[in-house]
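All values below come from the heavy atoms of this structure, side chains included, with hydrogens, waters and symmetry mates left out. Throughout, protein chains are lettered first and strands after them, A, B, ... in sequence-line order, and every chain is numbered starting at 1. Since we're looking at a predicted model, the values are computed, not measured.
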There are 4 protein chains.
Amino acid sequence: MPNRSPAGRAGRPRSAAADAAILAATREALVELGWSKLTLGDVATRAGVAKTTLYRRWAGKNELVVDAVAELFDELRLPDRGCLAADIEGVVLQFAAILDRPEARSGLMAVVAESTRDPALRERIRCSIVARQKRLVLEGRARAQARGELPPEPDPEQAARAVDLIFDVVAGAVVHRTLVSAEPADEEWVRGLTRVLLQGLASRTGPDGGPA
Amino acid sequence: MPNRSPAGRAGRPRSAAADAAILAATREALVELGWSKLTLGDVATRAGVAKTTLYRRWAGKNELVVDAVAELFDELRLPDRGCLAADIEGVVLQFAAILDRPEARSGLMAVVAESTRDPALRERIRCSIVARQKRLVLEGRARAQARGELPPEPDPEQAARAVDLIFDVVAGAVVHRTLVSAEPADEEWVRGLTRVLLQGLASRTGPDGGPA
Amino acid sequence: MPNRSPAGRAGRPRSAAADAAILAATREALVELGWSKLTLGDVATRAGVAKTTLYRRWAGKNELVVDAVAELFDELRLPDRGCLAADIEGVVLQFAAILDRPEARSGLMAVVAESTRDPALRERIRCSIVARQKRLVLEGRARAQARGELPPEPDPEQAARAVDLIFDVVAGAVVHRTLVSAEPADEEWVRGLTRVLLQGLASRTGPDGGPA
Amino acid sequence: MPNRSPAGRAGRPRSAAADAAILAATREALVELGWSKLTLGDVATRAGVAKTTLYRRWAGKNELVVDAVAELFDELRLPDRGCLAADIEGVVLQFAAILDRPEARSGLMAVVAESTRDPALRERIRCSIVARQKRLVLEGRARAQARGELPPEPDPEQAARAVDLIFDVVAGAVVHRTLVSAEPADEEWVRGLTRVLLQGLASRTGPDGGPA
DNA sequence: AGCTAATCGAGACGGTACGTCGGGTCTTAAT
DNA sequence: ATTAAGACCCGACGTACCGTCTCGATTAGCT
């Protein structure tokens with residue numbers, strides 16, 4: 001989200017419409033130009049707004065693009081398809097569909113790259129984008145436990161580690177498939193991923209993990 | 001690799017020392033400045049080379065950084081630790097160690113981001129960086145089959161798909177863990193990943209794979 | 001003069017101080033470096049101004065130097081020394097004094113050389129520099145006619161041709177003496193020139209001019 | 001003239017054809033591009049010669065162009081038209097014709113401009129170009145004195161000053177007319193100039209010059 | 001005929017300046 | 001206080017030319 005108005009009340013309030021116009025213009029520019037050729041002056045022009053107005057709300061290109069891309073992930077939902085495998089497949093396909101859109105492809109990896117040297121930016125990404133996705137993993141596990149497909153977690157700490165692992169595996173695999181391998185993360189591929197994942201997790205038992 | 005001299009022999013040959021100096025300077029600058037603040041003029045200065053010399057060999061920042069980072073992956077080796085699981089853990093740890101170096105962190109995601117709009121760059125990444133890694137997966141499988149840990153592949157096409165999947169999962173997971181989640185891909189985490197992976201793959205059987 | 005702001009009033013107005021600083025810096029650089037070693041980046045630095053600010057106002061080195069040198073000729077005045085010969089000597093000495101200043105020596109011939117391939121530049125020189133000088137010839141003739149030293153001109157067209165000739169002779173001779181022959185256009189030399197000029201002109205009578 | 005081969009004899013001698021080709025290519029480039037856009041690399045290419053070959057003979061652009069332009073003035077001759085006025089008109093018209101050629105217009109003023117900060121270059125110009133012209137003035141005076149049109153000079157020093165003045169006036173006027181005023185130095189104009197000049201000089205008498 | 005040494009073409013090299021572009025900041029007048 | 005407009009400083013861009021250098025290949029004159 002953009003910076004809120006400082007302090008309080010006096011003077012002309014900021015235009016709410018401008019925020020939406022700027023974010024939309026940012027996505028439009030990402031599609032047409034990609035991250036590296038996107039300029040804030042151009043975004044301001046597309047949004048019908050002065051550069052000043054843009055800089056009053058966002059600190060720079062990174063922050064703006066994070067917000068613009070984050071909105072794309074708002075539509076992610078955990079579908080109820082009856083069984084865990086189908087649920088996973090559904091949400092992974094949604095995730096892959098978002099990553100397939102050019103405004104996400106161009107922008108997402110770029111801000112991640114920038115975040116390797118900017119902890120504040122990393123935190124912003126984590127809150128705006130990653131947390132939104134991780135929540136789905138938690139929901140999915142809860143639902144599967146309610147269905148009896150997964151056993152309840154005895155050790156909360158280990159459970160958290162498992163969630164982190166699953167999340168890195170799923171998100172990482174989809175990102176790698178889509179952006180690095182540049183192959184479609186289609187239904188067949190997602191089915192294979194899901195199978196490996198579920199089979200791999202099913203065997204987890206002890207604190208140090210399962211079978212010898 | 002940088003552009004080679006055109007065709008023949010006439011004229012002063014290109015300095016081989018310059019190539020090495022430039023790539024080293026690029027990595028040095030990546031460590032100190034990161035991708036976005038790295039400038040080709042600065043790299044040239046560090047390398048003790050004129051800017052024109054740099055542009056004669058590389059088309060731009062993207063290509064240069066790909067080559068500079070690719071050299072980091074030259075040291076990846078498939079260790080022989082006796083069993084498949086240990087082999088995987090060993091190579092994944094090496095991979096994670098490389099991704100933990102600041103010159104890789106800064107540069108790798110950035111060029112991947114750029115490659116989403118530049119097919120030639122993507123191909124360059126694939127050849128210089130990805131292929132080097134994928135070879136290890138193939139070697140590892142062959143060795144495991146020789147040991148009897150994995151069955152021989154009846155269907156070559158399906159086998160190729162399996163390699164691709166494994167590769168996307170492993171590489172993606174390590175990258176995501178290291179750069180997005182920004183948590184260390186340490187021995188414990190790698191052990192968990194390996195277990196999931198092997199368990200998930202062990203169950204693959206039929207042409208459409210998995211368990212009922 | 002530099003390019004004026006386009007049309008209207010919106011936005012921050014151009015700094016008037018910058019114009020003066022740039023022209024002064026240009027003259028300073030001409031003195032120190034001469035035309036060929038003068039760089040716009042250096043001028044901008046001396047003026048305490050960004051390069052873009054300079055390029056917003058002038059199209060290039062040629063136009064800038066024309067304006068910078070033109071200001072030198074602002075101080076040219078037609079002195080009233082009582083008789084035509086003395087008036088001419090006075091103004092020619094002033095002209096020679098200006099041409100003797102290094103900022104004029106370096107710049108003037110160079111822009112004239114450039115103007116041989118750039119009609120717009122030639123026009124700019126004519127308006128900014130030449131016209132200022134030619135006005136003095138007209139003034140001087142009018143004053144001499146008022147004094148009775150010269151007869152009134154019956155034929156305006158022929159009169160104009162005479163002015164052009166005088167002007168080319170005087171300006172050309174001083175320039176050639178100063179810059180090509182590289183000898184001082186001192187009082188003695190100017191007295192000789194004036195004598196030749198007046199004597200030569202005094203004999204002009206008929207429409208085709210001269211002495212039998 | 002270009003630098004001569006060093007020392008003496010051993011080794012392959014310099015190609016004489018190259019000299020001529022380079023000077024011709026220089027004039028060709030002056031016509032097409034003008035002084036400021038002329039590059040030595042381009043001249044070398046036009047002459048079918050390596051840059052090294054060019055630099056071995058000339059120190060730089062200035063020296064090269066002086067030599068290339070100087071050759072244009074080789075064709076200046078003092079015609080014998082029977083009387084002094086006609087002789088002057090003839091030689092001035094020749095001079096004007098040369099100045100009207102684009103290779104001279106572009107190059108001549110430029111090297112003069114450069115020479116204001118480079119005494120060696122000025123000397124080279126004086127020897128290669130100016131002296132050639134001044135010789136004609138001396139010849140013309142001698143011939144006129146032989147004809148009885150001009151009295152013999154009693155005071156050699158004053159005679160030299162007169163020659164210098166005439167030369168600066170004539171050359172300066174033609175240059176100014178052609179390059180600054182950008183009007184043709186045609187027959188009519190030259191006749192006017194000649195009349196002023198002869199009439200002005202005819203009255204010269206005493207050491208401090210003539211009539212009050 | 002074989003040496004010898006300076007020449008030749010080609011083109012890479014370290015520099016310097018170019019003119020443009022984008023990032024952020026600022027100063028206007030208007031809302 | 002905010003807005004649109006646009007000038008401002010800064011720094012990097014990628015290119016062009018400079019003048020030098022390093023190559024391998026000629027090529028004359030002297031032995």
Looking at F:dA5, does its base get a donor-acceptor pair with the side chain of A:Thr52 below 3.5 Å? yes

Check the distance between E:dG22's C1' and B:Lys37's NZ and give it to me in whole angstrom. 14 Å

Contact class for B:Gly60 vs. all strands (heavy atom < 4.0 Å): base, sugar-phosphate, or nothing? nothing

Between CG of D:Leu54 and C1' of E:dG11 the distance, given in whole Å, is 16 Å

Output the rounded distance in Å from CD (C:Glu63) to C1' (E:dC18). 15 Å

Please compare C:Gly11 and B:Lys61 by the position of their nearest nucleotide in DNA chain F and report the one closer to 5'. C:Gly11

Provide, to the nearest angstrom, the distance between the CG atom belonging to B:Asn3 and the P atom belonging to E:dA12. 11 Å

When rounded to whole Å, the CZ to P distance for the pair B:Arg14 and E:dA10 reads 17 Å

Judged by nearest nucleotide, the residue sitting upstream toward the 5' end of DNA chain E, D:Thr53 or B:Thr53, is D:Thr53

Side-chain N,O (A:Arg57) to OP1/OP2 (F:dT3) below 4.0 Å: yes

Short side-chain N/O contact from D:Arg12 to OP1 or OP2 of F:dT26, under 4.0 Å: no

Side-chain atoms of B:Ala50 come closest, of E:dG19, E:dG15, F:dA4, to E:dG15

Quickly, which of A:Val111, A:Val69, A:Leu40 forms a side chain to side chain contact (heavy atoms under 4.5 Å, CB included) with A:Leu64? Name it, please. A:Leu40

Do C:Lys51 and E:dG19 share a donor-acceptor pair, side chain to base, under 3.5 Å? yes

Could you give the OH-to-C1' distance, from B:Tyr55 to E:dT16, as a whole number of Å? 15 Å

At what distance, to the nearest 0.5 angstrom, does CD of A:Glu114 lie from CD of A:Glu63? 9.5 Å

To the nearest 0.5 Å, what is the distance between OG1 (A:Thr39) and NZ (A:Lys61)? 7.5 Å

Length of the CG-P vector between C:Leu40 and E:dG19, whole Å: 6 Å

Any side-chain heavy-atom pair from D:Asp67 and D:Arg124 closer than 4.5 angstrom? yes

Can you tell me how far C1' of F:dT22 sits from CZ of D:Arg56, to the nearest Å? 13 Å

Using heavy-atom distances to pick each residue's nearest nucleotide on DNA chain E, tell me which of C:Asp42 and B:Ala16 is more 5'. B:Ala16

Most 5' of A:Val49 and B:Gly41 on DNA chain F, judged by nearest nucleotide: A:Val49

Reckon C:Ser15 has a side-chain N or O less than 4.0 Å from the OP1 or OP2 of F:dA7? no

Stepwise side-chain contact (heavy atoms from CB on, under 4.5 Å) test for D:Met109 and D:Trp35: CA-CA 9 Å; D:Met109 285 298 95; D:Trp35 160 270; over 6 Å; no

